[in-house]
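When reading the values below, keep in mind they use all heavy atoms of this one structure, side chains included, and skip hydrogens, waters and symmetry mates.
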Amino acid sequence: ICMRFVKIITFLLILVLAFYGPYTAFLNDAPKAKNNVIDIYPGDSINTSIKKISSDSAINKIFIKLFLMSNNISDFKAGEYSIENKKVKDIIIDISVGATVTHKFTILEGTNIYDLEKQINNSVLINDCPYLECIESSFPFYEGILFPDTYFYKKGMRSSIILKKSSKRMSEFIDSLEPNKSVPLSKNDLLILASIIEKEAGNDSEKDLIAGVFLKRLTDNMRLQADPTIIYGLLPNFDGDIKSSDIFNKDNKYNTYMIYGLPPTPIAISSKSSILAAFNASPGDYKYFVANSPTSHYFSKTYDEHLSKIKELGLDK
């Protein structure tokens, strides 16, 4: 009897060991899938979900059932899950606790409303706020009312949640600032000015100078003559080339070569540094500037000096 018992025990141990190897190998294997993420939809059964990370073989089903039982897992949570470089057992744990993928949505300074619309449509957000039309704010325009930053979301989240949060942050930031009393511009006008500074400046250190140039021009009743404003008025169909007809186009209400004063709205999302430059700067001595490198400008007090620098840089040809 003892020998028979020993044989049975030995056989069972061999069977367990023979079974345990493939079992642990399966659980520690990374699934071979075309995509790095899988979607578990509401109503998907455990079996349906498992098929997305494992072949539907009888032995795999047994392995998975054993793992679920031993870890007291009885249901899966819907969502998007990363499976890249993950073991089968870790993926199952993720799905059981709802450890879904977190995405980043970065609103960049200098971005305009058309860029933003494309960015949302290319993300996994639900676009329920086209061209920011869902936002109610103190600003009389939609362009340029977002606070640039990185926001986090889950697949299928409504874009309005991020956009309203960003707009609120921008409103609060603007409300916290006091304009320079020497500049007779409203906060709305200063946000418009900040967006032009954002598109013109090659670096943060020259933003105060650029703000001073535009404020000087406004004070002296000169046109701003800013190329980025013309371009904005030609969006979303701008072909990348400002033509002479564009410069003399009086129908473009953003054409600061033709109109006096500021355009009707911002032309982009502004960074904090551009907004602070608009709010804190005063009309300076400079009236002109021209790019003398990809990241900087040369500033001039007179038109003759400006023309001389343009000639020196070979930009008059």
>> If I compare all heavy atoms of D128 with all of R158, which pair ends up nearest, and what's the gap?
In response: OD2-CD, 3.3 Å
>> Tell me whether the count of non-hydrogen atoms from other residues, nucleotides or ligands lying under 6.0 Å of CG in N71 goes above 12.
In response: yes
> Counting only N and O atoms by type, is there a donor-acceptor contact under 3.5 Å from the side chain of K77 to the main-chain atoms of S96?
Replying inline: yes
>> Within the 4.5 Å heavy-atom criterion, are K164 and I135 side-chain neighbours or not?
In response: yes
> Going from OG on S45 to CD1 on I40, what distance comes out if it is rounded to the nearest 0.5 angstrom?
Replying inline: 9.5 Å
> If we only count heavy atoms from C-beta on, is the N60 to F26 side-chain gap below 4.5 Å?
Replying inline: yes
>> To the nearest 0.5 Å, what is the distance between OH on Y151 and CD1 on I162?
In response: 9.0 Å
>> Please determine whether side chain to side chain contact (heavy atoms under 4.5 Å, CB included) holds for the pair N252 and D246, giving the CA-CA distance in whole Å, both sets of side-chain angles, and the decisive distance to 0.1 Å.
In response: CA-CA 8 Å; N252 181 352; D246 296 325; over 6 Å; no
> So which heavy atom on K301 is nearest to which on D285, and how close?
Replying inline: CG-O, 3.6 Å
>> Closer than 3.5 angstrom, by distance alone: can the side chain of D208 be matched with the main-chain N or O of A281 as a donor-acceptor pair?
In response: no
> Hey, does the side chain of S54 reach the backbone of K51 with a donor-acceptor pair shorter than 3.5 angstrom?
Replying inline: no
> K207 and E198: salt bridge (Lys or Arg N to Asp or Glu O under 4.0 Å), yes or no, with the steps?
Replying inline: CA-CA 8 Å; K207 286 183 177 180; E198 183 67 42; 3.6 Å; yes
> Does K272 NZ have over 12 foreign heavy atoms under 6.0 Å away?
Replying inline: no
> Taking all atoms of both residues into account, what is the closest heavy-atom pair of Y81 and D94, and its distance?
Replying inline: CE2-O, 3.4 Å
> Would the number of heavy atoms belonging to other residues, nucleotides or ligands and lying under 6.0 Å from NZ of K118 be above 12?
Replying inline: no
> Between S137 and F139, is there a donor-acceptor pair closer than 3.5 Å when you use the side chain of the first and the backbone of the second?
Replying inline: yes
>> More than 12 heavy atoms of other residues, nucleotides or ligands under 6.0 Å from CG of D241: yes or no?
In response: yes
>> Is any side-chain heavy atom of Y286 closer than 4.5 Å to one of K216?
In response: no
> When the ring planes of F147 and F173 are compared, do they come out parallel, tilted or perpendicular, using 30° and 60° as the limits?
Replying inline: perpendicular
> Any side-chain heavy atom of F152 within less than 4.5 Å of one from K104?
Replying inline: yes
>> Using the rule that Ile, Leu, Val, Met, Phe, Trp and Tyr join whenever any side-chain heavy atoms are under 4.5 Å apart, tell me whether L276 and L209 fall into a single cluster.
In response: yes
> What's the verdict on side chain to side chain contact (heavy atoms under 4.5 Å, CB included) for L190 and L177, showing C-alpha distance, side-chain angles and the deciding distance?
Replying inline: CA-CA 11 Å; L190 289 171; L177 302 175; over 6 Å; no
> Rounded to the nearest 0.5 Å, how far apart are CE of M258 and CZ of R223?
Replying inline: 5.5 Å
> Q225 and Y288: side-chain donor and acceptor closer than 3.5 Å?
Replying inline: no
> Which atoms form the tightest heavy-atom contact between S195 and I267, and what is the distance?
Replying inline: OG-N, 3.0 Å
>> So I259 and K253, do their side chains get closer than 4.5 Å, heavy atoms only?
In response: no
> Which heavy-atom pair separates Y153 from L125 by the least distance, and what is that distance?
Replying inline: CD1-CD2, 3.3 Å
> Out of curiosity, does I269 fall in the hydrophobic cluster containing L108 (side-chain heavy atoms, cut-off under 4.5 Å, transitive links)?
Replying inline: no
>> Ignoring hydrogens and geometry beyond distance, is a side-chain donor-acceptor pair present between N180 and S282 at under 3.5 Å?
In response: yes
> CG/N188 to OG1/T265 distance, rounded to the nearest 0.5 angstrom?
Replying inline: 11.0 Å
>> To the closest 0.5 Å, what do you measure between CD (E206) and CD1 (I197)?
In response: 11.0 Å
> Relative to the ring of H297, is the ring of F289 parallel (under 30°), tilted (30 to 60°) or perpendicular (over 60°)?
Replying inline: perpendicular
> Is there a donor-acceptor pair under 3.5 Å between the side chain of S308 and the backbone N or O of D304?
Replying inline: no
> Okay, side chain of D115, backbone of N112: is any donor-acceptor separation there less than 3.5 Å?
Replying inline: yes
>> Test of understanding: clusters of I, L, V, M, F, W, Y form through side-chain heavy atoms closer than 4.5 Å, transitively. Do F76 and V101 belong to the same one?
In response: no
> Any link between L66 and I93 through a network of hydrophobic side chains (Ile, Leu, Val, Met, Phe, Trp, Tyr) touching at under 4.5 Å?
Replying inline: yes
>> E312 vs Y298, test: side chain to side chain contact (heavy atoms under 4.5 Å, CB included). Steps then yes/no.
In response: CA-CA 11 Å; E312 177 187 324; Y298 180 84; over 6 Å; no
>> Please determine whether salt bridge (Lys or Arg N to Asp or Glu O under 4.0 Å) holds for the pair E172 and R169, giving the CA-CA distance in whole Å, both sets of side-chain angles, and the decisive distance to 0.1 Å.
In response: CA-CA 5 Å; E172 291 173 347; R169 288 184 64 190; over 6 Å; no
> According to the interplanar angle, ranging from 0 to 90°, do the rings of Y131 and Y114 count as parallel (below 30°), tilted (30 to 60°) or perpendicular (above 60°)?
Replying inline: perpendicular
> When you measure from the side chain of D220 to the backbone N and O of M222, does any donor-acceptor pair fall under 3.5 Å?
Replying inline: no
> Under a 4.5 Å side-chain heavy-atom rule over Ile, Leu, Val, Met, Phe, Trp and Tyr, are L27 and I83 clustered together?
Replying inline: yes
> After noting the C-alpha distance and the side-chain angles of I107 and D149, does the key distance pass the side chain to side chain contact (heavy atoms under 4.5 Å, CB included) rule?
Replying inline: CA-CA 5 Å; I107 298 175; D149 204 348; over 6 Å; no
> Tell me, do E80 and H103 make a side-chain contact under 4.5 Å, heavy atoms counted?
Replying inline: yes
> Between S171 (side chain) and S167 (backbone), is there a donor-acceptor pair under 3.5 Å?
Replying inline: yes
> Near K165 NZ, under 6.0 Å, is it more than 12 heavy atoms from other residues, nucleotides or ligands?
Replying inline: no
> By salt bridge (Lys or Arg N to Asp or Glu O under 4.0 Å), which residues pair with D39, not counting sequence neighbours?
Replying inline: K155
> Knowing that exactly one of I120, L116, N121, I126 qualifies, which makes a side-chain contact (heavy atoms from CB on, under 4.5 Å) with S159?
Replying inline: I120
>> Can you confirm whether I50 sits close enough to K61 that some side-chain heavy atom of one is under 4.5 Å from a side-chain heavy atom of the other?
In response: no
> For the side chain of T229 and the backbone of Y254, is there at least one donor-acceptor N/O pair under 3.5 Å apart?
Replying inline: yes
> If you look at every heavy atom in E133 and C129, which pair is closest and at what distance?
Replying inline: N-SG, 3.9 Å
> L262 versus I196: any side-chain heavy-atom pair under 4.5 Å?
Replying inline: yes
> For the atom pair CG (N255) and CD1 (I230), what is the distance rounded to the nearest 0.5 Å?
Replying inline: 4.0 Å
>> Would the distance check show the side chain of S300 and the main-chain N or O of T302 forming a donor-acceptor pair, the cut-off being under 3.5 Å?
In response: no
